[in-house]
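Below: the structure, in structure tokens.
Atom set for the values below is all heavy atoms of this structure, side chains included, hydrogens, waters and symmetry mates excluded.
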Amino acid sequence: MSASREKKTRQGQTSQGPDERVQERQRKQKADRRSSILYAVVGVICVVAIAVTLVLNSGLIQRSMTAVTIQDTKYSTADLQYYYNVMYQNTLQYAMYGLQTGFDYTKDPKDQVYDQETGDTWYDHLLDGAVDYLTTITALYDKAVAEGYAISEDGQAALDETVTTLNNAWVGQYNTRNEMIRSNYGPYMTYDHLLELLEREALVSDYASTNKAAYTYSQADYESYYQENKDALDTFTTSQLALRASVNTTDENGDTIEMTEEEQAAALEEAKAEVKAKAEEILAKMEAGEEPADLAAQYSEDLYSDAVSRVQTGSSVNSSYTDWAFDSARKAGDVTLAEYDGGSSYYYYVVRFEDRQRNDGAAADIRNILVTADSDDEAKSSAEDLLAQWQSGDATEDSFADLAASNSKDPVSATGGGLMTNLTALTSDAVYTNWALDPARQPGDTTVIQDTEAEGYQILYFVAQKDPVWQQTADNSLRTEDQTAWEESAAEGYEAALGFAAKFVQ
């Protein structure tokens with residue numbers, strides 16, 4: 001082949017494109033460029049994801065984004081979390097004392113159905129309650145500001161005490177104050193923002209309390225309320241002997257006894273028949289005139305509990321026999337057998353009706369300090385010395401309360417500065433009432449009296465004479481009704497709209 005022809009051939013090959021080695025090299029370069037771009041994109045995504053996670057964990061987004069808007073006021077996740085916690089803690093307390101049915105405080109609210117029809121969980125229910133509560137707070141705050149309301153001295157003092165407690169509560173329990181705040185008020189809360197919420201809430205609470213205290217009622221108002229609610233307000237005296245039928249599911253070693261549901265149900269029915277026969281036996285003896293106290297002693301090993309001549313308001317009477325007790329034809333000495341299905345246990349109540357009346361006698365508040373010693377003389381001497389110590393100081397109710405908190409051997413009243421409220425002749429121990437209900441008694445009066453049951457001496461301080469308990473209940477109920485109507489009126493037109501950040505409430 002000539003030189004010119006060879007050159008033309010090479011030129012022809014070049015014009016047709018690169019050879020295979022060149023093409024492979026180009027393909028690899030393109031692949032490398034695509035990989036570099038892909039890795040760069042992935043890297044950026046990871047950096048963004050890490051940044052978002054860090055910001056979320058810091059709470060900055062939750063504190064700045066809107067969780068709920070009420071009228072023109074925007075609230076963050078930290079705000080809504082705070083009020084959610086309020087609702088949760090209230091429900092938790094009720095559940096732990098058996099007053100809130102349907103809520104299992106050992107489980108996550110999100111895992112518990114609240115409404116079978118809608119499928120709403122307890123979380124949904126508590127969140128709705130938090131929004132409703134925050135709506136009322138917002139409406140009352142706006143109303144207070146519009147009226148130029150300023151917090152009272154008592155309200156400010158209560159707020160100052162709350163802040164002082166907040167500043168000291170973490171010591172010995174948490175590493176820092178912020179750790180305590182996040183643990184108790186939610187992961188998005190800060191100290192400064194918590195102070196803002198507390199100040200706002202204190203103003204609203206003080207404003208509402210002032211409004212509630214301003215209502216006035218006549219004796220006719222109280223009488224009208226009594227006639228509508230006398231079953232709950234009257235004082236009932238009953239004697240109750242309770243028996244329980246149950247199935248033992250553990251042996252003497254504490255090991256579980258394996259039983260099917262059918263076997264447990266059959267065993268419970270057998271136990272019920274046996275216990276009911278015993279209850280009917282006690283009932284027959286009570287109907288024949290035997291005293292409840294004697295029967296309680298005679299059947300002590302069979303009884304689940306007993307309460308002889310127990311005095312209580314109608315609102316506290318056992319619901320298993322309220323219809324019977326409230327019957328206007330009921331008279332002293334009447335006896336009945338009531339039953340209650342407790343699920344895994346069954347209860348029988350043998351009850352004797354003793355008395356029913358409206359307690360029109362005055363009530364009194366006092367403070368007490370129980371002093372005990374090895375001998376009566378020593379106890380009396382110590383009580384008189386403590387009283388003299390108090391009298392030598394400023395001799396105020398507050399100083400008496402401090403003395404009670406430091407010295408009283410009564411573990412119940414000592415925690416409240418010895419305060420005992422609403423003592424009446426029907427419901428309270430004569431060791432207190434004979435002195436406290438004396439018509440001549442004046443606030444600030446004191447005495448030292450022997451308390452043989454407590455095996456010591458009581459130092460008593462008279463706080464105040466009060467209206468009969470039924471009238472106090474009527475007054476409080478009327479105020480609550482009017483206050484509720486006032487709050488609902490203030491919140492009329494206030495609409496709440498959840499925002500994206502509401503999803504961060506936990």
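Tyr191 and Asn178 form no side-chain donor-acceptor contact under 3.5 Å, judged by distance and modelled atom types alone. In this structure, a donor-acceptor pair under 3.5 Å is absent between the side chains of Asp385 and Ser382. Counted by atom type alone, Gln71 and Thr138 present zero donor-acceptor pairs between their side chains at under 3.5 Å. Side-chain atoms of Thr106 and Asp104 include a donor-acceptor pair closer than 3.5 Å. Side-chain contact of Asp402 with Ser399: a donor-acceptor pair under 3.5 Å is absent, judged by distance alone. Side chains of Tyr75 and Thr69: a donor-acceptor N/O pair is absent below 3.5 angstrom, by distance only. With hydrogens and angles left out, the side-chain atoms of Gln81 and Asn85 include a donor and acceptor closer than 3.5 Å. The closest side-chain donor-acceptor pair between Tyr105 and Gln93, if any, does not fall under 3.5 angstrom. Side chains of Tyr217 and Asp482: a donor on one and an acceptor on the other come within 3.5 Å. In summary, the side chains of Thr162 and Thr165 do not present any donor paired with an acceptor at a separation below 3.5 Å, with no hydrogens or angles considered. Using modelled atom types, one finds a donor on one side chain and an acceptor on the other under 3.5 Å when comparing Asp410 with Ser413. For the 3.5 Å distance criterion, the side chains of Gln219 and Asp221 fail to qualify, holding no donor opposite an acceptor.
Using a 30° and 60° split on the angle between ring planes, Phe236 and Phe353 fall in the perpendicular class, above 60°. Using a 30° and 60° split on the angle between ring planes, Tyr88 and Phe103 fall in the perpendicular class, above 60°. Taking the six-membered ring where the residue is Trp, Trp122 and Tyr114 present perpendicular rings, their angle passing 60° and hence far from 30°. Taking the six-membered ring where tryptophan is involved, the planes of Trp435 and Phe462 are perpendicular, since the angle between them exceeds 60° and thus also 30°.
In this structure, the side chains of Asp160 and Gln156 come closer than 4.5 Å at one or more pairs of heavy atoms. Side-chain contact between Val505 and Tyr123 is present, with at least one heavy-atom pair separated by less than 4.5 Å. Counting heavy atoms from C-beta on, the side chains of His193 and Met189 come closer than 4.5 Å. Residues Pro468 and Tyr222 form no side-chain contact, since every pair of their non-hydrogen atoms from C-beta on lies 4.5 Å or further apart. When side chains are defined from C-beta on, Thr136 counts as touching Leu140, because their heavy atoms get closer than 4.5 Å. Between Leu243 and Lys278, the closest side-chain pair of non-hydrogen atoms falls below 4.5 Å. At least one side-chain heavy atom of Leu166 sits under 4.5 Å from a side-chain heavy atom of Met180.
Annotation: cation-pi geometry satisfied between Arg200 and Tyr141 (NZ/CZ under 6.0 angstrom from ring centroid, within 45° of ring axis).
Expressed to the nearest 0.5 Å, how far OG1 of Thr190 lies from OH of Tyr185 amounts to 13.0 Å. Atom CG of Leu126 is separated from atom CE of Met87 by 6.5 Å, given to the nearest 0.5 angstrom. One distance of note links OG1 of Thr135 with CD1 of Ile70; it measures 3.5 Å at 0.5 Å rounding. Separating the OG atom in Ser408 from the CG atom in Leu403 is a distance of 9.5 Å, to the nearest 0.5 Å.
Residues satisfying the salt bridge (charged side-chain N to carboxylate O under 4.0 Å, His left out) criterion with Lys272, sequence neighbours excluded, are Glu269. Applying the salt bridge (charged side-chain N to carboxylate O under 4.0 Å, His left out) rule to Lys230 yields no partners; only residues at least two apart in sequence or on another chain are considered. Among residues two or more places apart in sequence or in another chain, the side chain to side chain contact (heavy atoms under 4.5 Å, CB included) test is passed with Thr446 by Leu387, Trp390, Gln391, Tyr461. With sequence neighbours excluded, the residues that form a salt bridge (charged side-chain N to carboxylate O under 4.0 Å, His left out) with Arg356 are Asp231, Asp234. Every residue meeting the side chain to side chain contact (heavy atoms under 4.5 Å, CB included) condition with Lys331, not counting sequence neighbours, appears here in chain and number order: Asp334. In this view, Asn211 and Tyr215, Gln483 satisfy the side chain to side chain donor-acceptor pair (under 3.5 Å) rule, not counting sequence neighbours. Every residue two or more places apart in sequence or in another chain that forms a side chain to side chain contact (heavy atoms under 4.5 Å, CB included) with Thr424 is listed here: Asn359, Ala363, Leu426, Thr427, Val469.
Within 6.0 Å of CD in Glu455 there are 12 or fewer heavy atoms belonging to other residues, nucleotides or ligands. Within 6.0 Å of the CD atom in Glu161, the count of heavy atoms belonging to other residues, nucleotides or ligands does not exceed 12. A 6.0 Å sphere centred on CD of Glu453 holds no more than 12 heavy atoms belonging to other residues, nucleotides or ligands. Environment of CG in Asp72: sparse, with no more than 12 heavy atoms of neighbouring residues, nucleotides or ligands closer than 6.0 Å. The 12-atom threshold is not exceeded at NZ of Lys74, counting heavy atoms of other residues, nucleotides or ligands nearer than 6.0 Å.
Counting only residues at least two apart or in different chains, salt bridge (Lys or Arg N to Asp or Glu O under 4.0 Å) contacts with residues 128-152 comprise Lys143-Glu147. Applying the salt bridge (Lys or Arg N to Asp or Glu O under 4.0 Å) rule to pairs touching residues 458-472 yields Asp365-Lys466, sequence neighbours excluded.
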Under 3.5 Å, sequence neighbours excluded: what are the donor-acceptor pairs made by side chains of residues 281-290?
| from | atom 1 | to | atom 2 | distance (Å) |
| --- | --- | --- | --- | --- |
| Glu281 | OE2 | Tyr299 | OH | 2.5 |
| Lys285 | NZ | Tyr299 | OH | 2.8 |

Let me check something: any side-chain donor-acceptor pairs from residues 313-324 under 3.5 Å, sequence neighbours excluded? List them with distances.
| from | atom 1 | to | atom 2 | distance (Å) |
| --- | --- | --- | --- | --- |
| Thr313 | OG1 | Ser315 | OG | 3.1 |
| Asn318 | OD1 | Ser320 | N | 2.8 |
| Asn318 | OD1 | Ser320 | OG | 3.1 |
| Tyr321 | OH | Gln240 | OE1 | 2.5 |

Determine all donor-acceptor pairs shorter than 3.5 Å in which one atom belongs to a side chain in residues 371-378; sequence neighbours excluded.
| from | atom 1 | to | atom 2 | distance (Å) |
| --- | --- | --- | --- | --- |
| Ser375 | OG | Glu378 | N | 3.2 |
| Asp376 | OD2 | Gln450 | NE2 | 3.4 |

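Salt-bridge annotation for Arg358 and Glu223: present, with a side-chain N of the basic residue lying under 4.0 Å from a carboxylate O of the acidic one. A salt bridge does not link Arg310 to Glu354: none of the charged side-chain nitrogens sits closer than 4.0 Å to a carboxylate oxygen.
Residues Asp206 and Gly155 come closest through the heavy atom pair OD1-CA, 3.6 Å. When all heavy atoms of Ile366 and Ala436 are compared, the pair lying nearest together is CG2-CB, 3.7 Å.
Under a 3.5 Å cut-off, the side chain of Ser392 and the backbone N or O of Gln389 do form a donor-acceptor pair. Within the 3.5 Å criterion, the main-chain N or O of Ala232 finds no donor-acceptor partner in the side chain of Asn229. Ser489 places no side-chain N or O within donor-acceptor distance of the main-chain N or O of Ala485, the cut-off being under 3.5 Å.
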Tyr346/Tyr348 under ring-ring contact (aromatic ring centres under 6.0 Å, His included): CA gap, chis, key distance, verdict: CA-CA 7 Å; Tyr346 203 86; Tyr348 296 90; 5.2 Å; yes
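Taking the six-membered ring for Trp and the full ring otherwise, the centers of Tyr349 and Tyr340 sit at least 6.0 Å from each other.
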